[in-house]
Amino acid sequence: MGNACDRRSFMRLAGLGGAVFVSGLSGWATAAGSRDNAATDFFFVQMSDSHWGFEGAPNPDAHGTLQKAVAAVNSLDQVPEFIVFTGDLTHTTDDPQERRKRLSEFKAIVSELKVKQVYFMPGEHDAGLDRGKAYQEFFGKTHYTFDHKGVHFIVLDNVSDPGASIGDEQLSWLALDLEKQAKDARIVVFTHRPLFDLYPQWDWATRDGARALELLMPHANVTVFYGHIHQENHHMTEHIAHHSAKSLIFPLPAPGSQPKRTPLAWDSAQPYRGLGFREVDATQKSADYSITEYPVQKG
Amino acid sequence: MTRLNNIHTSPQRRRFLIGAASVGIGLAASAIAIAQTSSQEQVIKVVASKFTYAPNRIMLKRGVPVALEFTTLDVPMGFNAPDFKVRTDILPGKASQVRFTPDKVGEFTFHCDLFCGSGHEDMTGVIVVT
Ligand SMILES: [Cu+2]
């Protein structure tokens, strides 16, 4: 506990920290005892929606924002245990060669992250036009699991199908994986799109997301972190908490707050406003995840 | 994927159903007017192409059943109007249809929900029900 607290207070003093959100979940302590991997406090960083290759008014620094975010993460006073990118690494292009070029440039930029492990997943901009083919050449599987210090992480792909379905095959794979988890296991799911119907009018949903949630429901300690909507959003489906992350290219309006889902304009008085990454702290004692939002750049 | 059936309710039967429902809620007088305009299902053709629908503003009347008939000029597209719980794929060389009766007045967004290229995000339209 001491470490995480000390680090956060330090960040606040340094003027880098954003709002802290504590997810209302419990059960860490019981789950910890049942796993081989002894649970200890740790934190990871979520970065999302960098849309490398995008150009346009909502971000006059489209060629430099990702690098600034990489530098900001590298300047955290403690190194995250891992970093997860929740999709839309690159911006859509209809040209398969250009897609590969963007994926490779993105990969080169984030290779500067000073961290042992970075986990990736595609967004629909990366994978929707070729069912994830180019993405897989650079980053491998689009859905997988990993375990870290007593927490079971599941990466779900709800974008390689252009119709935004997870699909029967992946859902069976998820069901099999969940069968192996204790009902009180600590489970964190990463997706690009929301699994619940956040605002289907703007395509902020997953067509068969309800089926994934049905499979997750019997598990007492599930939290979902996702991207896609370029802003923070916190939502509960029964006991499952869903947290969306900010983007690294442009912010989008709150669900249904305006007629069209057009990006929010760049404000030269407050450059990079609404862009950022987050730190997620898993603490053994408090049984909650705390989320700290960081801007891409100070100011 | 929602496959829409092509079984048409007969106009007579539809008139009866609408009339009966309206009488049931005590609107006998206005029900006659609605029943008369509702007896014919309106058919509207919508052409999808990268990255727009024509028309992208679809004018409908509350209580009047409509069939939207879609074709695409290029790639596979989607049509999704969550407020009316209708959606369909639109595939090249093939017409697809959704049928519904708008039950509320207002402006309702529809969008392409089959990722179709750079510009997909802008592929939206509005259903205006008066
Ligand atoms: Cu489209």
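First the proteins, then the strands, lettered A, B, ... as listed; each starts at 1.
Contacts between B:Glu107 and chain A at a heavy-atom distance below 4.5 Å are absent for every atom of the residue. For A:His125, the parts lying near chain B are the backbone and the side chain together; criterion is any non-hydrogen pair under 4.5 Å.
Just one of A:Thr92, A:Asp94, A:Thr93 meets the side chain to side chain donor-acceptor pair (under 3.5 Å) condition when paired with B:Ser118; it is A:Asp94.
Here B:Asp113 pairs with A:Arg207 in a salt bridge; the nearest charged N to carboxylate O distance falls below 4.0 Å.
Identified by a heavy-atom distance below 4.5 Å to chain B, contributing residues of residues 62-69 of chain A are lacking entirely.
The CG atom of B:Leu114 sits 12.0 Å away from the CD atom of A:Glu124 when rounded to the nearest 0.5 Å.
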For residues 68-79 of chain B, which side-chain N or O atoms pair as donor and acceptor with protein atoms under 3.5 Å away, sequence neighbours left out?
residue: B:Glu69; atom: OE2; partner: B:Lys45; partner atom: NZ; Å: 2.9
residue: B:Thr72; atom: OG1; partner: B:Asp74; partner atom: N; Å: 3.1
residue: B:Thr72; atom: OG1; partner: B:Val75; partner atom: O; Å: 2.8
residue: B:Asp74; atom: OD1; partner: B:Lys50; partner atom: N; Å: 3.3
residue: B:Asp74; atom: OD2; partner: B:Lys50; partner atom: N; Å: 3.2

| request: Show your reasoning for whether side-chain contact (heavy atoms from CB on, under 4.5 Å) applies to A:Asp203 and B:Glu121. | output: CA-CA 9 Å; A:Asp203 210 15; B:Glu121 268 79 16; over 6 Å; no
| query | Hey, mind stepping through B:Thr109 and A:Lys260 against side-chain contact (heavy atoms from CB on, under 4.5 Å) and telling me if it holds? | reply | CA-CA 9 Å; B:Thr109 306; A:Lys260 287 200 166 204; over 6 Å; no
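The number of heavy-atom neighbours closer than 6.0 Å to CD of A:Glu238, taken from other residues, nucleotides and ligands shown, is 12 or below.
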